[in-house]
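Owing to the predicted nature of the structure, the values given are computational and were not obtained by experimental measurement.
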Amino acid sequence: MTLELRPWTPNDAPDLLAAYRENPDLVTQFGEVELSSVEQAQIFIGEYLGAAPSRRTWALNVDGAVVGNVGLSNIERDHETAWASYWLVSAARGNGYAARALGAAAGWAFDDGLFRLELGHRVNNPASCGVATRAGFVPEGIERGKLRYGSRRFDVETHARLRTDPVPDLCVVDMVE
């Protein structure tokens, strides 16, 4: 099995579209974007998943198929901080892929000069909490009512990992640039 993180390309649009269609729980990860065609998925990749000064995102591949995403957004060089995020298609969950990919992205961020990475997950998502803690992100607190999906509000547990924190014992995913 090969497991790697690499930049998204327009050729990944069919996999992104399949993830969107097959995993209704991921709709919140895509915001207000409607992905109903390969062309729309290609536009989404170009506008939201391509590298920019304030963000880096990587497609998570398992044996050549895209099964998830790990990203850093709101990269802020003055304070050396960023916001980390991740998602996996349901068929790829439970194998440790997300924690290994998040650990690799954190390593990249610290090598690139960042000091603090933050993330948050809904408190009703223990799997996401497990990913964060396995990747070395320490819980810092609860933000009440932070997220709104539809008419529901959700509390969020925030986590952070500092460059000076111990490196977790993970076999991180290979990164291909």
Side-chain angles (χ1 to χ4, degrees), residues 1-8 12 15-16 19-20 23 25-26 28-31 45 48-52 54-77 79-143 146-147 154 156-177:
M1 175 189 69
T2 58
L3 188 62
E4 69 180 16
L5 282 179
R6 61 160 178 77
W8 284 88
D12 297 322
D15 286 339
L16 181 64
Y20 180 81
N23 301 273
D25 61 318
L26 291 180
T28 58
Q29 297 288 332
F30 295 92
I45 288 168
Y48 298 101
L49 299 178
S54 65
R55 88 173 165 259
R56 284 298 299 260
T57 58
W58 296 273
L60 176 59
N61 278 1
V62 175
D63 293 332
V66 176
V67 300
N69 177 76
V70 174
L72 299 172
S73 61
N74 299 318
I75 296 173
E76 209 289 321
R77 296 291 176 181
H79 298 288
E80 301 170 336
T81 61
W83 183 262
S85 60
Y86 45 89
W87 58 260
L88 287 178
V89 298
S90 57
R93 296 175 189 164
N95 297 301
Y97 300 156
R100 293 175 59 193
L102 181 59
W108 177 91
F110 297 142
D111 288 346
D112 196 53
L114 297 180
F115 180 79
R116 178 183 169 87
L117 302 179
E118 303 169 351
L119 63 81
H121 63 82
R122 293 184 323 270
V123 296
N124 66 343
N125 188 346
S128 190
C129 184
V131 168
T133 54
R134 283 190 300 279
F137 284 74
V138 177
E140 293 191 324
I142 305 293
E143 295 179 88
K146 181 170 181 153
L147 297 178
F154 294 89
V156 171
E157 183 174 58
T158 58
H159 294 243
R161 182 169 162 195
L162 307 180
R163 183 173 48 221
T164 54
D165 286 343
V167 176
D169 185 20
L170 278 177
C171 179
V172 296
V173 174
D174 289 331
M175 295 189 84
V176 178
E177 290 296 323

Do Arg56 and Ser73 have side-chain heavy atoms sitting under 4.5 Å apart?
no
Between Glu76 and Arg55, is the closest basic N to carboxylate O distance under 4.0 Å?
no
Could you tell me whether the side chain of Asn95 and the main chain of Ala92 form a donor-acceptor pair under 3.5 Å?
yes
By side chain to side chain contact (heavy atoms under 4.5 Å, CB included), Glu157 pairs with (sequence neighbours left out) His121, Val123, Cys129, Pro139, Ile142, His159
If we only count heavy atoms from C-beta on, is the Leu49 to Asn69 side-chain gap below 4.5 Å?
yes
Check whether any side-chain heavy atom of Glu118 lies under 4.5 Å from a side-chain heavy atom of Thr158, and answer yes or no.
no
How far apart are the closest heavy atoms of Ala99 and Ala135, and which atoms are they?
O-CB, 3.8 Å
For the student: nearest non-hydrogen atoms of Gly103 and Val172, plus distance:
C-CG1, 3.8 Å
Kindly give the heavy-atom pair with the smallest separation between Trp8 and Ala59, and that separation in Å.
NE1-N, 3.3 Å
Taking Asp12 first and then Arg6, would you say they form a salt bridge - that is, a charged N and a carboxylate O separated by under 4.0 Å?
yes
Evaluate whether atom CG of Asp25 has more than 12 neighbouring non-hydrogen atoms of other residues, nucleotides or ligands under 6.0 angstrom away.
yes
Does Phe154 CZ have over 12 foreign heavy atoms under 6.0 Å away?
yes
So CZ of Arg161 and OG1 of Thr133: to nearest 0.5 Å the spacing works out to 12.0 Å
Side chain Asn125, main chain Arg122, donor-acceptor under 3.5 Å
no
Tyr20 OH to Leu26 CG distance, which is reported to the nearest 0.5 Å:
10.5 Å
Would you please say whether a donor-acceptor pair under 3.5 Å links the side chains of Ser128 and Tyr86?
yes
If you measure from the Lys or Arg side-chain nitrogens to the Asp or Glu carboxylate oxygens, is any gap between Asp174 and Arg100 under 4.0 Å?
no
Under a 4.5 Å cut-off applied to non-hydrogen side-chain atoms, are Val173 and Tyr97 in contact?
no
Sequence neighbours left out, what pairs pass ring-ring contact (aromatic ring centres under 6.0 Å, His included) with at least one residue falling in residues 98-120?
Trp58-Trp108
Heavy atoms of Leu5 and Ala104 approach each other most closely as CD1-CB, 4.0 Å
Tell me the closest heavy-atom pair linking Arg163 and Leu114, and the distance in Å.
NH1-O, 2.9 Å
How long is the straight-line distance from CG of Asn74 back to OG of Ser54, given to the nearest 0.5 Å?
7.0 Å
Could you go through the side chain to side chain contact (heavy atoms under 4.5 Å, CB included) check for Val131 and Leu88 one step at a time?
CA-CA 11 Å; Val131 168; Leu88 287 178; over 6 Å; no
Would you please name every residue forming a side chain to side chain contact (heavy atoms under 4.5 Å, CB included) with Asp15, sequence neighbours left out?
Val66
Under 4.5 Å between any side-chain heavy atoms of Phe137 and Leu102, yes or no?
yes
If you round to the nearest 0.5 Å, how far is CD1 of Ile75 from CD of Glu80?
12.5 Å
Considering non-hydrogen atoms only, spot the tightest contact between Val89 and Ala19 and give its length.
CG1-CB, 3.5 Å
Got a second to check how far Leu72's CG is from Leu119's CG, nearest 0.5 Å?
10.0 Å
With a 4.5 Å cut-off on side-chain heavy atoms, are Asn61 and Val67 touching?
no
